[in-house]
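A quick write-up on the structure given underneath.
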Number of protein chains: 2
Amino acid sequence: MARKIAERSDIVPLLAEVFRENGFEGASLTLIGARTGLGKGSLYHFFPGGKEEMAEAVLGDIERWFEAHVYRPLRETQDAAQAVGDMRQSVEDYFRSGRRACLIGAFALDNVRDRFSAKIRNYFAAWTEALAGALERGGVDPKEAPYRAEEAVANIQGALVLARALDDPAVFERAMARIVARLLAG
Amino acid sequence: MARKIAERSDIVPLLAEVFRENGFEGASLTLIGARTGLGKGSLYHFFPGGKEEMAEAVLGDIERWFEAHVYRPLRETQDAAQAVGDMRQSVEDYFRSGRRACLIGAFALDNVRDRFSAKIRNYFAAWTEALAGALERGGVDPKEAPYRAEEAVANIQGALVLARALDDPAVFERAMARIVARLLAG
DNA sequence: ATCATAATGTACCGAACGGTCCGGTTTGGA
DNA sequence: TCCAAACCGGACCGTTCGGTACATTATGAT
């Protein structure tokens with residue numbers, strides 16, 4: 001049987017899709033196998049810790065993506081308006097204009113949260129912190145910036161929920177425009 | 001064996017808790033039985049359609065609660081500020097200041113959405129519609145009111161996600177204060 | 001070419017799944 | 001009191017679950 005994947009990390013985005021569509025409990029190994037094209041033996045070879053290790057790998061992957069495309073640019077871009085605009089672009093790309101749920105947000109809502117609480121908390125904390133820093137650089141009061149950032153991140157999450165619930169990506173797009181406009185209004 | 005429940009509707013809030021904690025797929029009949037105190041035979045007696053019928057009953061119950069405590073007051077209270085303030089109170093009570101997830105929002109995020117899409121869509125549509133009506137009565141442009149309402153409902157959802165993710169109810173409380181202040185600012 | 005290791009698929013395991021079945025008990029109305 | 005219907009629990013069913021074991025094949029280094 002020929003090798004099907006170049007490396008472990010090639011499986012992770014496929015795992016992410018299965019978890020997004022099915023949730024943690026609904027993502028059976030049979031579904032994961034079908035999606036990745038790998039048998040159970042292979043899956044356990046790469047993820048000896050089983051399903052939970054797969055989900056951890058997915059969360060780690062998401063975190064790395066956000067670090068590279070959202071948090072770091074927010075921290076390093078000197079111009080706050082530019083930073084916020086770039087964040088908008090990245091976030092819209094990542095969430096496919098609201099068609100793709102935020103897996104980390106979804107995992108937060110039931111007892112799956114307890115399996116991955118550190119990663120879930122860190123994702124949102126890192127985001128709000130990086131965004132608050134950018135806001136401060138743009139002149140927002142350092143006492144006010146964390147609350148502004150928290151508001152924006154929460155509103156992005158809410159827009160994802162509502163866009164999915166109404167099956168209407170325009171909801172997300174409108175929300176992103178408002179969120180960014182508010183961030184840039186000072 | 002003595003009757004354990006007065007009527008079917010007494011089971012529904014217990015079912016809601018199991019679904020909120022475990023998600024749809026994770027809410028096994030064993031867990032449901034343990035939570036309700038009923039055996040499988042009894043559960044199927046009341047809900048012959050099985051788990052999906054249980055979830056439908058829960059969603060119906062939530063809808064009735066929101067109709068009575070949120071949508072109808074929004075529609076019937078003449079004073080818009082009063083209506084919005086009452087909504088805030090009801091929503092904070094219902095979501096336990098952010099400690100309790102919105103089951104309908106949670107169901108929207110993965111493929112469980114496809115089982116209950118009408119109920120999920122109606123919940124949010126009815127809410128935004130009733131809130132838009134109240135905003136109009138308070139003087140907001142009829143073209144603008146639906147967008148304001150949509151923003152508020154999405155932001156409430158987002159605040160629930162973030163409060164759960166960070167395990168910090170204060171996040172929800174801050175968000176509710178902001179959301180209501182914005183609604184009342186005109 | 002050889003060989004150790006990585007990767008693979010699938011049979012198998014015990015447990016748990018949702019759902020069916022049905023005998024037994026309780027309840028309420030006549 | 002009697003009786004039909006409602007309610008009850010749990011044994012049972014076939015299927016699926018996550019995970020283990022291991023023979024086989026592919027790969028890369030020597």
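All values below were derived from every heavy atom in this structure, side-chain atoms included, with hydrogens, water molecules and symmetry-related copies excluded. From a predicted model like this one, the values you see are computed outputs, not experimental measurements. Lettering follows sequence order; numbering is per chain, from 1.
Evaluation of the side-chain contact (heavy atoms from CB on, under 4.5 Å) rule for A:Asp93 yields A:Gln89 as partners, not counting sequence neighbours. Legend: residues meeting side-chain contact (heavy atoms from CB on, under 4.5 Å) with A:Glu136, ordered by chain and number and at least two apart, are A:Pro142, A:Ala145. Partners of B:Asp168 according to the side-chain hydrogen bond (donor to acceptor under 3.5 Å, both in side chains) rule, which considers only residues two or more places apart in sequence or in another chain, do not exist here. Legend: residues meeting ring-ring contact (aromatic ring centres under 6.0 Å, His included) with B:Phe116, ordered by chain and number and at least two apart, are B:Phe24, B:Phe107. A:Glu129 meets the side-chain contact (heavy atoms from CB on, under 4.5 Å) test with no other residue; sequence neighbours excluded. Under the rule for a side-chain hydrogen bond (donor to acceptor under 3.5 Å, both in side chains), A:Gln78 has no partner lying at least two apart in sequence or in another chain. Residues that satisfy the salt bridge (Lys or Arg N to Asp or Glu O under 4.0 Å) test with A:Glu21, not counting sequence neighbours, are absent from this structure.
Using a 4.0 Å cut-off on heavy atoms, none of the residues of residues 9-23 of chain A approach DNA chain C. Within residues 26-33 of chain B, no residue approaches DNA chain D, by heavy-atom distance under 4.0 Å. Residues from residues 49-60 of chain A that place a heavy atom under 4.0 Å from any atom of DNA chain D, listed by number: A:Gly50, A:Lys51.
Atom-to-atom distance recorded for B:Gln157:CD and A:Leu160:CG is 11.5 Å, nearest 0.5 angstrom. Atom CD of A:Glu25 and atom CG of A:Asp110 lie 8.0 Å apart (nearest 0.5 Å). Between atom CZ of residue A:Arg182 and atom CD1 of residue A:Ile179 there is a gap of 8.0 Å, rounded to the nearest 0.5 Å.
What separates CG of B:Leu43 from C1' of C:dT20 is a distance of 14 Å, to the nearest Å. In this entry the distance linking CD of B:Glu25 with P of D:dC17 reads 9 Å, nearest Å. Taking atom OH of residue A:Tyr44 and atom P of nucleotide D:dC22, one finds them 17 Å apart after rounding to whole Å.
Between B:Val161 and A:Ala108, the shortest heavy-atom distance links the atoms O-CB, 4.4 Å.
The ring-ring contact (aromatic ring centres under 6.0 Å, His included) analysis of residues 139-167 of chain A, with sequence neighbours excluded, yields no pairs.
Residues A:Asn111 and B:Asn22 bring a donor and an acceptor atom of their side chains to less than 3.5 Å of each other.
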Collect all protein-nucleotide pairs involving nucleotides 8-10 of chain C in which both atoms are nitrogen or oxygen and the distance is under 3.5 Å.
unit_1 : atom_1 : unit_2  : atom_2 : d
C:dT8  : OP1    : A:Lys4  : N      : 2.7
C:dT8  : O5'    : A:Ser42 : OG     : 3.2
C:dG9  : OP1    : A:Lys4  : NZ     : 2.9
C:dG9  : OP2    : A:Gly39 : N      : 2.8
C:dT10 : O4     : A:Gly41 : N      : 2.9

